[in-house]
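Atoms considered below: every heavy atom in the structure, side chains included; atoms not considered: hydrogens, waters and symmetry mates. Throughout, protein chains are lettered first and strands after them, A, B, ... in sequence-line order, and every chain is numbered starting at 1.
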Amino acid sequence: MPELPEVETVRRGLAPVLEGCRIARAVARRPDLRFPLPEGFGQRLTGRTVRRVGRRAKFLLIELDDGSTLISHLGMSGSFRIYTETPPELARHDHVILTTDQGVEIRYNDPRRFGFMVIAEADQLDNHPMLKDIGPEPLDSGFTPRVLARSLRGRKAPIKAALLDQSVVAGLGNIYVAEALFLAGISPKRKATTVAGARAEKLYRAIVDVLGRAIEAGGSSISDHRQTDGELGYFQYAFAVYGRAGQACPGCDCDIDKTGGIARIQQSGRSTFYCTKRQR
DNA sequence: CGGCAAACCTGCGAGC
DNA sequence: TGCTCGCAGGTTTGCC
């Protein structure tokens, strides 16, 4: 599921029911997700008060009153669901249950179990192995066209692959890379190092624009992503290229019979969608 | 070190 | 109806 906009949507859902609240009960219904859950998971969390729910790249950061932080990654299919009223029967793949002192129940469901939860001890967050090599947050002021161009310089890999690299810029995934490259008019096959100057400026604007609009839409619901109240995100209806192979490109009048339309290719084992005419 | 394919795991839709 | 195949929003690993 989740790239930056989906994780941010989840963060915004969790913050109001967790921040300032005490975790009355924490239950792991299996010993592991992608990795083993932290030793004594339930006891570690029970009785803790949540200071803040933050986000870094695609990681949720649930900061606790003892200084430690529960780091949660949704993998491909993870989702959080909040129940303020009586919750329904537990569902398949409901792996972790948190209950707050306000009687709110929060369930983490993850069919593919590519997600994980780990705990960073107090003062160990910034240099935590999972976070320390992550690049700038694209919606923070530290991310600029020059910063982007600088981290692309010297990279011979296609720009598509470079943008998926979390050390270049944080939080992009397969969907938003495709959409940003479309908006910027840049071919996913172009060598990353050639994206500089005006081209980097354009890509910078495309990234910031598409992420902002996707967050406003509550993220993209392809199959698993839900907002924490169960509502769908709806940015998938705004996709220009992702999942639209064979269709006409919305940005120019090319269509499949003539010069272009939206193509689907494989790059480093993953699908790439782009307009062959408009993206150079 | 850079770049790429494979691996992790489950579910779903398409095609036979 | 039921099987097999391919595909899926991410990240890590291991191999050239």
Phosphate OP1/OP2 of C:dG9: any A:Lys58 side-chain N/O under 4.0 Å: no
Side-chain N,O (A:Ser271) to OP1/OP2 (C:dA8) below 4.0 Å: yes
Would you say A:Arg92 reaches B:dG11's phosphate, i.e. side-chain N/O to OP1/OP2 under 4.0 Å? yes
d(CG, A:Leu33; C1', B:dC8) in whole Å: 13 Å
Treating A:Asn109 as the side-chain partner and A:His93 as the backbone partner, does any N or O pair qualify as donor plus acceptor under 3.5 Å? yes
Side-chain N or O of A:His73 versus OP1/OP2 of C:dT11: is the shortest distance under 4.0 Å? yes
Strand DNA chain B in bracket notation, Watson-Crick/G-U under 3.5 Å with | for pairs to another chain: .|||||||.|||||||
Give the rounded distance in Å between these two atoms: CD of A:Gln236 and C1' of C:dA8. 15 Å
Atom pairs, N/O to N/O, protein against nucleotides 1-4 of chain B, distance under 3.5 Å?
| from | atom 1 | to | atom 2 | distance (Å) |
| --- | --- | --- | --- | --- |
| B:dG3 | OP1 | A:Lys156 | N | 2.8 |
| B:dG3 | OP1 | A:Ala157 | N | 2.8 |

Out of C:dG10, B:dT10, C:dC7, whichever nucleotide has its closest atom nearest the side chain of A:Arg264: C:dC7
Spacing of the P atoms in B:dC9 and C:dC3 (rounded, Å): 23 Å
Judged by atom type as modelled, is there a donor-acceptor pair below 3.5 Å linking the side chain of A:Gln166 to the main-chain atoms of A:Leu164? yes
Base, sugar-phosphate alone, or nothing: which one does A:Gln267 contact when heavy atoms must sit under 4.0 Å apart? nothing
When you compare B:dG3 with C:dG9, how far apart are their C1' atoms, in angstrom units rounded to a whole number? 23 Å
Before you tell me yes or no, could you show the steps for A:Phe239 and A:Phe182 under side-chain contact (heavy atoms from CB on, under 4.5 Å), namely the whole-Å CA-CA distance, both residues' side-chain angles and the distance that decides it to 0.1 Å? CA-CA 10 Å; A:Phe239 290 168; A:Phe182 170 81; over 6 Å; no
Could you state the CD-P distance from A:Gln266 to B:dA5, rounded to the nearest angstrom? 9 Å
Give every donor-acceptor pair under 3.5 Å between a side-chain atom in residues 145-152 of chain A and any protein atom, sequence neighbours left out.
| from | atom 1 | to | atom 2 | distance (Å) |
| --- | --- | --- | --- | --- |
| A:Ser151 | OG | A:Val147 | O | 3.1 |
| A:Ser151 | OG | A:Leu148 | O | 3.2 |

Residue pairs passing the side chain to side chain donor-acceptor pair (under 3.5 Å) test with at least one member in residues 198-212 of chain A, sequence neighbours excluded, are A:Asp209-A:Arg213
Rounding to the closest angstrom, what is the interatomic distance between C:dT11 and B:dC12 at atom P? 23 Å
Which residue, A:Leu98, A:Ile106, A:Thr228, A:Thr100, forms the side chain to side chain contact (heavy atoms under 4.5 Å, CB included) with A:Val17? A:Ile106
Grab the CG-P distance between A:Asp110 and C:dA8 for me, whole Å please. 18 Å
Rounded to the nearest Å, what distance is computed from the CZ atom of residue A:Arg270 to the P atom of nucleotide C:dC7? 13 Å
From the options C:dA8, B:dT10, C:dG10, select the nucleotide whose nearest atom is closest to the side chain of A:Tyr242. C:dA8
Please classify the nucleic acid contact of A:Tyr176 as base, sugar-phosphate, or nothing, using heavy-atom distances under 4.0 Å. nothing
Counting only distance, no hydrogens or angles, is the base of C:dA8 paired donor-acceptor with the side chain of A:Arg112 under 3.5 Å? yes
A:Arg30 CZ - B:dC8 P separation (whole Å): 15 Å
side-chain hydrogen bond (donor to acceptor under 3.5 Å, both in side chains) between A:Ser187 and A:Gln279: does it pass, once the steps are laid out? CA-CA 4 Å; A:Ser187 166; A:Gln279 295 179 245; over 6 Å; no
Quick check: is A:Met117 connected to A:Ile97 through a chain of hydrophobic side chains (ILVMFWY, heavy atoms under 4.5 Å apart)? no
With the six-membered base ring of B:dC8 as reference, does the ring of A:Phe114 sit under 5.5 Å away with planes under 30° apart? yes
Tell me every residue that passes side chain to side chain donor-acceptor pair (under 3.5 Å) with A:Glu63, counting only those two or more places apart in sequence or in another chain. A:Arg52
Between C:dT11 (P) and A:Asp133 (CG): distance, integer Å: 13 Å
From the list A:Val53, A:Ile82, A:Val104, side chain to side chain contact (heavy atoms under 4.5 Å, CB included) partner of A:Leu18 resolves to A:Val53
Using a heavy-atom cut-off of under 4.0 Å over every strand shown, decide if A:Arg113 touches base, sugar-phosphate, or nothing. sugar-phosphate
Calculate the interatomic distance between A:Phe116 atom CZ and B:dC9 atom P; express it in whole Å. 15 Å
Reading DNA chain B from 5' onward, which residue's closest nucleotide shows up sooner: A:Arg34 or A:His93? A:Arg34
Sequence neighbours left out, what passes side-chain contact (heavy atoms from CB on, under 4.5 Å) with A:Ala245? Give chain and number order. A:Arg264, A:Phe273
Can a side chain N or O of A:Gln166 be found less than 4.0 Å away from OP1 or OP2 on C:dG10? no
